[in-house]
Amino acid sequence: MNPSIIHSKRFVISPQDFQMLKQRTGETEYLIEFRLVDPNKTNEFIQTYQNAALPNSGPLVTYSLFQLLNALTDGVVAAVIIMVSIILIVIAVCCIRFTMLATIEEDYREISVMKAIGVSGRDIRTLYLSKYVVIAGLACIVGYLSSIYVNRLFTSNIMLYMGSAPATWLNEALSLFAVITIFAIVLGCCILVLRRFNQISAIEGLRSGSLGDTDVSTMKLSLSNSRWSRSVPVFLALQDVIQRKRLYRLLLLVFTVSSLIIIVPVNFLNTLRAPSFISYMGVGQSDIRIDLRYSEDVEQRYAELLEHVRTDSDVLRYSPLVTTQFNVRNNEGGYDQISVETGDFSIFPLSYLSGLAPKTDNEIALSDANSRELDKKVGDSIVLMVEDREKTMVVSGIYQDVTNGGKTAKALLPYDKNRVLWYVVSLDLKDASQITDKIAAYEQAFSPAKVTDLQGYLHQTLGGTIDQLKRITIAVLVVAVLVSILITSLFLRMLVAKDHGDIAILRSLGFALSNIRLKYVMITLIVLGIGVLAGTILANTAGPLLISAIMSSFGASHMEFVINPLQAYILCPLMLASAITIAALLSIQSIREASIVKMIVE
């Protein structure tokens, strides 16, 4: 039980195994749990329990904190999936529009003939709409049935730690409501696009055979310029994009969004895996971290550890830190629990959102989540119960922390040994190459202490989240590429149908098929280049804001991406460009059929 970010672990075992395990353990921990009739009175109950001087060693957690801690592992992944899903729905709507426009363009003469023989525009719309209703209905049914099996892929981690959710009618109703909503969006989009039938004139359609609704800009490039004389297809492509820029807006939007949903998850994944992410966990950067959890002889073991570290010639510097529970006065006048870390914070300093680390015993630094919950900022004061007396503390700084539900603080305070949650010793070695050997030595000497290096601490704390996000990133990347290929194919199919006459004229003037193909490939790559540039700018500006909004509930409201330029700016755009180039070449094969003779005959 419990996800990786929660250091405490629980195992459900049989009574026989429990007795066998009990014989091999030296200490027994007792958990006292309560189920309240009114959950809103949790803080009042906690205060009453503490005032009764009942057993109170170890951390105190509430149901809301359990929800928050579990949400930090799987909630972040779920939020990323929801964000990507919404963006994909937008792309799907664009895809529907492309499909219908391409179909209308190809069937333009047939539609004009139907109008000429007296078929009403309403009947023609009904004919086309019924086709898309059937397709959309079948797609929604297939998607719903597929989600039942695909759902296990993304919820396996949740079920591992929290179990399967009970099958209720509400869950099924929400799933069906989502499917019906998507079907309604598709249907509404189809109805809007089919209104174009009102613009079709039977005479104009039979004469031109094209919808002809693209606005053409008067801006032109000069072919006489020597720069274009050796690359006429590229010139024609650039000229076409400039003159018919309105036509390419949707394709540009799709490429921009595709780049965005590829780059943001990749950057977020790299950020979680980077050593610098330790700054979002309320921990200073050090070579080795040693955790001692509460036990009956923890004070003695802590003293022995400090003495060993102090006399270890391989240690460059070290910092002992003690985390203790204090009572803090809330806005209602009552008292809540707060975990306060005490020690020297100048040895392994944190990065603060605002303010500085506490330097005197009347200063306190709050985590971002705590500062928002207590509604405090730098310079404000809070009241703590220290040695059974109220002590006014001034907030010196605010930092980010995604561990322990984001509810932590740092101060230079005396602590009650009976209320210590855990002890931590962070240290740097003179020779970093000895980290592995030194970890093994400390593990053997101070078992069952938890001894980890920086990367190991990150992996043990966020390993589950990183693995889940890695799978989602790969899935998003594949989906974004496939959607871009589909949109490109549909768009070029529509464009070739629209430019049928122009292609025929170019062929009659002696243009080779390879040059005409190059023109349409270059059109796609020009729009893609602009889209990737726009998507990259959005990923580096709006992306961190979006991820910060997701992570703000977990204690990190200001995230900065750790970017791998090779992945984000070279490999991802190259992969997208390669796939779209292949799709473009395969989608413009119909230009072979265009000829001036066929155009005259038609």
Side-chain angles (χ1 to χ4, degrees), residues 32 34 41-62 64-65 282 292-296 298-300 302-303 306 319-347 350 352 354-399 401 403-425 555:
I32 304 174
F34 298 92
K41 295 183 178 180
T42 300
N43 290 335
E44 181 182 337
F45 176 82
I46 292 172
Q47 187 63 38
T48 304
Y49 181 89
Q50 291 172 342
N51 293 337
L54 293 170
N56 194 24
S57 297
L60 186 151
V61 294
T62 62
S64 59
L65 184 58
L292 290 175
R293 294 288 160 169
Y294 180 82
S295 62
E296 294 179 0
V298 67
E299 278 291 324
Q300 180 182 347
Y302 178 60
L306 285 183
S319 171
L321 301 170
V322 182
T323 300
T324 314
Q325 278 188 336
F326 287 85
N327 291 334
V328 58
R329 186 190 294 171
N330 56 34
N331 296 327
E332 288 76 30
Y335 287 90
D336 294 333
Q337 291 281 332
I338 185 172
S339 299
V340 180
E341 190 174 57
T342 301
D344 188 346
F345 305 111
S346 63
I347 300 176
L350 292 177
Y352 284 81
S354 58
L356 299 169
K359 296 180 180 178
T360 62
D361 61 357
N362 67 335
E363 291 182 336
I364 186 171
L366 297 176
S367 65
D368 185 45
N370 259 334
S371 68
R372 285 185 280 113
E373 182 173 306
L374 297 172
D375 193 23
K376 301 295 182 181
K377 58 183 183 294
V378 174
D380 292 345
S381 61
I382 63 173
V383 177
L384 291 182
M385 290 294 297
V386 181
E387 297 179 333
D388 299 326
R389 292 185 300 176
E390 290 189 345
K391 182 179 179 65
T392 301
M393 308 286 293
V394 178
V395 178
S396 65
I398 295 173
Y399 61 94
D401 189 356
T403 61
N404 304 296
K407 306 295 182 66
T408 60
K410 300 181 185 297
L412 305 175
L413 293 173
Y415 58 88
D416 183 355
K417 295 179 180 180
N418 295 322
R419 304 195 70 182
V420 171
L421 299 179
W422 57 81
Y423 298 87
V424 173
V425 177

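The figures here come from the full heavy-atom set of this structure, side chains too, leaving out hydrogens, waters and symmetry mates. Fair warning: this is a prediction, and the values are worked out from it, not measured in the lab.
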Between [X] and [Y], which heavy-atom pair has the shortest distance, and what is it?
X	Y	result
F326	M385	CD2-O, 3.4 Å
V394	G379	CG1-O, 4.0 Å
S354	V378	OG-CG2, 3.4 Å
L321	G343	CD2-CA, 3.6 Å
A411	P358	CA-CG, 4.0 Å

With side chains defined as the heavy atoms from C-beta onward, is the minimum distance between [X] and [Y] less than 4.5 Å?
X	Y	answer
M393	V386	no
V420	V298	no
I398	D368	yes
V328	N370	no
V395	S371	no
Y49	I32	yes

Residues passing the ring-ring contact (aromatic ring centres under 6.0 Å, His included) test with F345, sequence neighbours excluded, are none
If you measure from [atom1] on [X] to [atom2] on [Y], what distance do you get to the nearest 0.5 Å?
X	Y	atom1	atom2	result
R372	L374	CZ	CG	11.0 Å
K410	T342	NZ	OG1	9.5 Å
N327	D388	CG	CG	9.5 Å

Any sub-3.5 Å donor-acceptor pair from Y302's side-chain atoms to W422's backbone N or O?
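No: the side chain of Y302 does not pair with the backbone of W422.
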Side chain T408, main chain S367, donor-acceptor under 3.5 Å:
no
With K377 via salt bridge (Lys or Arg N to Asp or Glu O under 4.0 Å) - residues at least two apart
D380
Working for side-chain contact (heavy atoms from CB on, under 4.5 Å), residues E363 and L412:
CA-CA 7 Å; E363 291 182 336; L412 305 175; over 6 Å; no
Any donor-acceptor pair under 3.5 Å linking the side-chain atoms of Y352 with those of S396?
no
Before you tell me yes or no, could you show the steps for L413 and T324 under side-chain contact (heavy atoms from CB on, under 4.5 Å), namely the whole-Å CA-CA distance, both residues' side-chain angles and the distance that decides it to 0.1 Å?
CA-CA 10 Å; L413 293 173; T324 314; over 6 Å; no
Report the C-alpha separation of D401 and L350 in whole Å, then their side-chain angles, then the decisive distance to 0.1 Å, and conclude whether the side-chain contact (heavy atoms from CB on, under 4.5 Å) test is met.
CA-CA 10 Å; D401 189 356; L350 292 177; over 6 Å; no
Residue of the set V424, L421, V340 for which side chain to side chain contact (heavy atoms under 4.5 Å, CB included) holds with T323
L421
